[in-house]
Amino acid sequence: MAEHRTCLVDTHCHLDLYPDPASLLRSVEAAGIYTIAVTNAPSVFSHTKQLTEKSRYVRAAIGLHPELVKTHAHERPLFWQHLAETRYVGEVGLDHVTPDTADRSLQREVFAEVLEHCAAIGGKILTVHSRRAASTVIDMVGRDFPGVVILHWFSGSLREASRAADNGLYFSVNPAMTRSKSGQALIERLDPDRVLTETDGPFVSLGKEPATPPDVSVVLRHLAEAWRMDEAEAANRVFSTLRRVLPVKPVEATP
Ligand SMILES: [Zn+2]
């Protein structure tokens with residue numbers, strides 16, 4: 001049997017929002033980093049889909065960001081249409097930073113429809129935003145969702161996190177979370193078997209630069225510390241979690 005090498009994992013990266021997505025894609029590809037390229041509106045999905053079509057490591061996700069629901073809800077038919085073209089869905093979810101109740105209720109309506117369409121097909125992998133709306137998101141996903149749900153940049157309470165884990169949900173941790181007290185507390189608490197890594201670049205930065213997929217190594221350093229193991233073991237752990245939830249083919253040690 002071929003020996004497998006551990007690959008880095010970035011389950012939430014906005015590839016299309018960097019100044020030069022094509023060159024970033026080439027470097028991610030060369031480094032062999034499994035990346036989910038999320039998109040924020042159905043109308044921009046095809047561009048990322050085309051860009052990543054021949055990629056071995058990068059997959060395009062169809063999304064409708066909760067903060068764009070207000071202006072882009074009319075793109076829903078396009079969402080359902082593209083849903084058959086990819087196994088990956090994101091960025092979707094709820095953002096309750098807005099006090100606007102009409103906006104919140106439209107977000108819930110759209111997210112419920114996304115979950116319904118994904119459940120009808122089955123086997124989708126969703127990367128979900130839940131800022132100030134963790135409980136509602138966890139309730140809406142429920143216990144028996146027929147797919148994989150990854151809570152990205154989770155900022156709910158520890159109690160909500162354990163409820164999400166009990167329901168079978170996963171968490172993707174990014175560099176910004178490793179810098180905050182609440183993020184660190186969450187990392188300490190999470191079951192390592194439920195943890196994936198992400199950058200949420202270019203929204204998250206490292207120093208003055210937007211984070212890019214190789215920067216998941218920053219997250220791995222923190223995970224390694226929390227899990228009392230070395231960085232290579234932590235990377236291995238995250239990669240095995242990815243292989244458990246996604247249809248990832250093992251990569252042979254030699255090209
Ligand atoms: Zn994002």
Side-chain angles (χ1 to χ4, degrees), residues 7-21 23-25 27-29 31 33-41 44 48 51-52 57-61 63-68 88-98 125-134 137 149-156 161 164 169-190 194-226 231 234-235 238-239 241-242:
C7 294
L8 295 180
V9 173
D10 183 351
T11 60
H12 191 107
C13 179
H14 294 265
L15 181 72
D16 60 342
L17 300 181
Y18 290 85
D20 188 350
S23 90
L24 180 59
L25 176 72
S27 66
V28 168
E29 203 64 16
I33 304 171
Y34 281 100
T35 303
I36 300 179
V38 293
T39 55
N40 284 344
V44 298
T48 300
L51 188 69
T52 58
Y57 296 97
V58 185
R59 297 290 176 269
L64 177 44
H65 194 290
E67 288 178 289
L68 294 186
Y88 303 88
V89 176
E91 180 159 359
V92 293
L94 302 179
D95 189 300
H96 282 180
V97 168
T98 172
I125 291 130
L126 284 69
T127 168
V128 175
H129 178 113
S130 59
R131 186 162 54 173
R132 298 202 193 160
V137 164
V149 171
I150 307 165
L151 296 172
H152 120 85
W153 199 338
F154 186 78
S155 56
L169 279 54
Y170 291 81
F171 301 84
S172 53
V173 175
N174 68 40
M177 295 167 76
T178 67
R179 297 193 288 256
S180 78
K181 278 260 176 299
S182 55
Q184 288 164 0
L186 179 73
I187 291 167
E188 274 293 330
R189 183 71 76 87
L190 290 176
R194 302 239 147 246
V195 174
L196 292 158
T197 48
E198 64 160 54
T199 56
D200 200 16
F203 292 106
V204 165
S205 26
L206 276 180
K208 286 193 180 115
E209 296 297 318
T212 59
D215 294 323
V216 292
S217 59
V218 172
V219 178
L220 287 173
R221 271 202 289 284
H222 282 258
L223 295 178
E225 217 172 283
E231 210 181 307
V238 169
F239 188 52
T241 301
L242 183 82

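When reading the values below, keep in mind they use all heavy atoms of this one structure, side chains included, and skip hydrogens, waters and symmetry mates.
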Compare all side-chain heavy atoms of [X] with those of [Y] and state whether any distance is below 4.5 angstrom.
| X | Y | result |
| --- | --- | --- |
| Thr212 | Tyr18 | yes |
| Pro214 | Ile33 | yes |
| Leu15 | Leu51 | yes |
| Val89 | Ile125 | no |

If I take atom [atom1] from residue [X] and atom [atom2] from residue [Y], how far apart are they, to the nearest 0.5 angstrom?
| X | Y | atom1 | atom2 | answer |
| --- | --- | --- | --- | --- |
| Ile150 | Thr127 | CD1 | OG1 | 5.5 Å |
| Leu8 | Tyr34 | CG | OH | 11.5 Å |
| Ser130 | His96 | OG | NE2 | 10.5 Å |
| Thr35 | Arg59 | OG1 | CZ | 10.0 Å |
| Leu94 | Arg132 | CG | CZ | 14.0 Å |
| Tyr57 | Thr52 | OH | OG1 | 15.0 Å |

- [ ] Please indicate whether Glu29 has more than 12 foreign heavy atoms, meaning atoms of other residues, nucleotides or ligands, lying under 6.0 Å from its CD.
- [x] yes
Open item on the list: Does Arg179 have more than 12 heavy atoms from other residues, nucleotides or ligands lying within 6.0 Å of its CZ?
Closed with: yes
- [ ] Look only at the side chain of Glu231 and the backbone of Arg221, and say whether a donor-acceptor pair between them is shorter than 3.5 Å.
- [x] no
Open item on the list: Please determine whether side-chain hydrogen bond (donor to acceptor under 3.5 Å, both in side chains) holds for the pair His12 and Ser172, giving the CA-CA distance in whole Å, both sets of side-chain angles, and the decisive distance to 0.1 Å.
Closed with: CA-CA 8 Å; His12 191 107; Ser172 53; 5.6 Å; no
For [X] and [Y], work out which heavy atoms get closest and say how close.
| X | Y | answer |
| --- | --- | --- |
| Tyr88 | Ala60 | CB-O, 3.8 Å |
| Pro66 | Val92 | CD-C, 4.1 Å |
| Pro213 | Val28 | CG-CG2, 3.6 Å |
| Ile36 | Thr11 | CB-O, 3.4 Å |
| Pro202 | Pro210 | CB-CB, 3.6 Å |
| Leu206 | Pro175 | CD2-CB, 4.0 Å |

- [ ] Decide whether His14 and Glu91 meet the rule of one side-chain donor and one side-chain acceptor closer than 3.5 Å.
- [x] yes
TODO: Take Asp10 and Thr199, measure what side-chain hydrogen bond (donor to acceptor under 3.5 Å, both in side chains) needs, and give me the verdict at the end.
DONE: CA-CA 6 Å; Asp10 183 351; Thr199 56; 2.6 Å; yes
- [ ] Using the six-membered ring of Phe171, assess whether NZ or CZ of Arg194 lies under 6.0 Å from its centre and within 45 degrees of the ring axis.
- [x] no
Task: Pair Leu220-His222, side chain to side chain contact (heavy atoms under 4.5 Å, CB included): steps then yes or no - done: CA-CA 5 Å; Leu220 287 173; His222 282 258; over 6 Å; no
TODO: Using the side chain to side chain contact (heavy atoms under 4.5 Å, CB included) rule, take Val218 and Asn174 through it: C-alpha gap first, then chi angles, then the decisive distance, then the call.
DONE: CA-CA 8 Å; Val218 172; Asn174 68 40; over 6 Å; no
Open item on the list: Set out, in order, the CA-CA distance, both residues' side-chain angles and the distance that settles side chain to side chain contact (heavy atoms under 4.5 Å, CB included) for Tyr170 and Leu151, then state yes or no.
Closed with: CA-CA 6 Å; Tyr170 291 81; Leu151 296 172; over 6 Å; no
Task: side chain to side chain contact (heavy atoms under 4.5 Å, CB included) between Asp95 and His129, worked out - done: CA-CA 7 Å; Asp95 189 300; His129 178 113; 2.6 Å; yes
